[in-house]
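The sequence lines fix the lettering, A, B, ..., with proteins before strands; numbering per chain opens at 1.
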Number of protein chains: 2
Amino acid sequence: MAEKKSDRTRAAILAAARERFGADGYERATIRAIAADAAIDPAMVIRYYGSKEKLFAAAAEFDIRLPVFTDVPLASLGETLVRHFLGRWGGDDTLRVLLRTAVTNEVAVDRMRGIFAGQLAPTLRAHALDRPDVRAGLVATQMLGFALCRYILELPPIVHMRDDEVVSWLGPTVASYLTAPAPSQA
Amino acid sequence: MAEKKSDRTRAAILAAARERFGADGYERATIRAIAADAAIDPAMVIRYYGSKEKLFAAAAEFDIRLPVFTDVPLASLGETLVRHFLGRWGGDDTLRVLLRTAVTNEVAVDRMRGIFAGQLAPTLRAHALDRPDVRAGLVATQMLGFALCRYILELPPIVHMRDDEVVSWLGPTVASYLTAPAPSQA
DNA sequence: GTCTATAATTCGATAGAC
DNA sequence: GTCTATCGAATTATAGAC
């Protein structure tokens, strides 16, 4: 009995929640709509997850799994990072949920900060780069800005760009944020 | 009688609306809170602007006033654009309102698209650059990503960065998006 | 012009039958 | 475990007195 019915119900709720939160944002995504998508009763959502806030926390919970990339030569680290984020954005709803909801939900903001300050910065530190926090922040501006324009604003030229084109354009930018000498100032 | 009392009331409502929409987003910003900020009755907000949706449209209405920059040499156009956007983000609430609300409000998305597709792209076209729409989109990813990280997510290293540092880091990126040869493909 | 009172919805969450 | 019924709170928007 490895697969209980309650487990499938839980998973169905979570999948519907990810879709709704990602499509509508935290405020407009209603328990009722999520329940309808999961084909169950709205009361069940509360029973399984306690509250809307906790359901969101569960939907936004995921393993960022950002490798440390210590074996990647510094010269190609920028391109590697762009490819990695492209794969993650495309394959998983969770990052889009975070991006969509980070505007009004403090939990999402904290989690987004954790990805770049808590995961990417240490990776850069492992490569012995100076000012890893600043460089991680700059990478965040470019990668999150790309995600914003592609998945939320849906700017036509960004939406239609092929992945290898994206790498060609953004790779050198990220690389420069990693390795370019920092401007003067302590 | 150039200054009626009703005009001041209208202006007070609009100013409070910009502040609330920018701070809380469209859904969480309530008519009641806006009215309280403006020190008037909530019913007056509806009387003056008809509905919350129309009030938002008015709050997000503004002249982007993006100069064509035809007199700026191409070599320094990137840096000029970064400085221009920095000035606009800092001095006016409206861009932050758009950014905060673009996640859940279609009006804000359209207006944001218009800035880059309808204003920046023609500027690039005036400089005889190839693929102006793609280049304008790329500039959007970097500038909007910076604004997102600084004003919404408030990533510490981005928040604390001085304006001239921002120009030093982002200027070359924007410049490369304007003038770097496009990757292969039609 | 301004404000009180309230209508009409909608939402999150709960209680309890089955 | 599941669903019906509903509560209580919050919202936008309106009607009408002053």
Side-chain angles (χ1 to χ4, degrees), chain A residues 1-61 97 100-101 103-108, chain B residues 1-61 97 100-101 103-108:
Chain A
M1 184 75 89
E3 180 84 359
K4 285 185 178 179
K5 183 175 183 184
S6 61
D7 291 336
R8 276 178 300 155
T9 302
R10 265 189 94 84
I13 294 172
L14 198 62
R18 286 219 173 88
E19 190 171 324
R20 281 286 175 178
F21 282 134
D24 301 335
Y26 182 80
E27 319 287 341
R28 302 184 59 157
T30 64
I31 299 275
R32 286 166 162 80
I34 292 169
D37 285 0
I40 53 133
D41 191 273
M44 299 302 295
V45 177
I46 300 295
R47 181 176 177 85
Y48 274 90
Y49 286 94
S51 71
K52 182 182 182 180
E53 191 71 34
K54 290 178 187 170
L55 173 62
F56 172 77
E61 186 76 47
V97 171
R100 173 85 68 173
T101 54
V103 170
T104 52
N105 191 290
E106 200 61 28
V107 173
Chain B
M1 183 76 91
E3 182 82 359
K4 286 186 177 179
K5 183 176 183 184
S6 61
D7 290 337
R8 276 178 301 159
T9 302
R10 267 188 90 86
I13 294 172
L14 198 61
R18 287 218 172 90
E19 192 171 324
R20 282 287 176 178
F21 282 135
D24 301 336
Y26 181 80
E27 319 288 340
R28 303 185 58 157
T30 65
I31 298 276
R32 284 167 162 79
I34 292 169
D37 286 359
I40 53 134
D41 191 89
M44 298 302 295
V45 178
I46 299 296
R47 180 177 176 86
Y48 274 90
Y49 286 93
S51 71
K52 183 181 182 181
E53 190 71 35
K54 289 178 186 171
L55 173 61
F56 172 77
E61 186 75 49
V97 172
R100 174 86 66 173
T101 54
V103 171
T104 51
N105 192 291
E106 199 62 27
V107 173

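Rounded to an integer number of Å, the gap from NZ of Lys54(A) to C1' of dA13(C) is 12 Å. In this structure, CZ of Arg28(B) is placed 17 Å from C1' of dT10(C), rounded to the nearest angstrom. Between the CG atom of Asp7(B) and the C1' atom of dG1(C) there is a distance of 14 Å, given to the nearest Å. For the pair Glu27(B) CD and dC11(C) P, the computed distance is 11 Å after rounding to whole Å. Straight-line distance from the CD1 atom of Ile13(B) to the C1' atom of dG1(C): 12 Å, rounded to whole Å. Atom P of nucleotide dA9(D) and atom CD1 of Ile31(A) are separated by 19 Å, given to the nearest angstrom. Rounded to a whole Å, the CG atom of Leu55(B) is 16 Å from the P atom of dT11(D).
Using a 4.0 Å cut-off, no side-chain N or O of Thr30(A) falls inside it from OP1 or OP2 of dT10(C).
Between Tyr26(A) and Phe56(A), the angle of the ring planes goes over 60°, which puts this pair in the perpendicular group of the 30/60° scheme.
Distance from the side chain of Lys52(A) is smallest for dA13(C) among the nucleotides dT2(C), dA13(C), dA13(D).
Here the side chains of Asn105(A) and Glu53(A) are in contact, with some heavy-atom distance below 4.5 Å. Residues Thr104(B) and Glu27(B) are in side-chain contact: their nearest non-hydrogen atoms beyond the backbone lie under 4.5 Å apart. Here the side chains of Tyr48(A) and Leu14(A) are not in contact, with every heavy-atom distance at 4.5 Å or above.
Within residues 32-50 of chain A, the residues that place at least one heavy atom under 4.0 Å from DNA chain C are, in residue-number order, Arg32(A), Ala43(A), Ile46(A).
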Atom pairs and distances, donor-acceptor, side-chain atoms in residues 30-43 of chain A, under 3.5 Å, two or more places apart:
residue, atom, partner, partner atom, Å
Thr30(A), OG1, Ala33(A), N, 3.1
Asp37(A), OD1, Arg20(A), NH2, 3.4
Asp37(A), OD2, Arg20(A), NE, 2.8
Asp41(A), OD1, Ala43(A), N, 2.8

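Side-chain N or O atoms of Arg100(A) include one that pairs as donor or acceptor with a backbone N or O of Val103(B) at under 3.5 Å.
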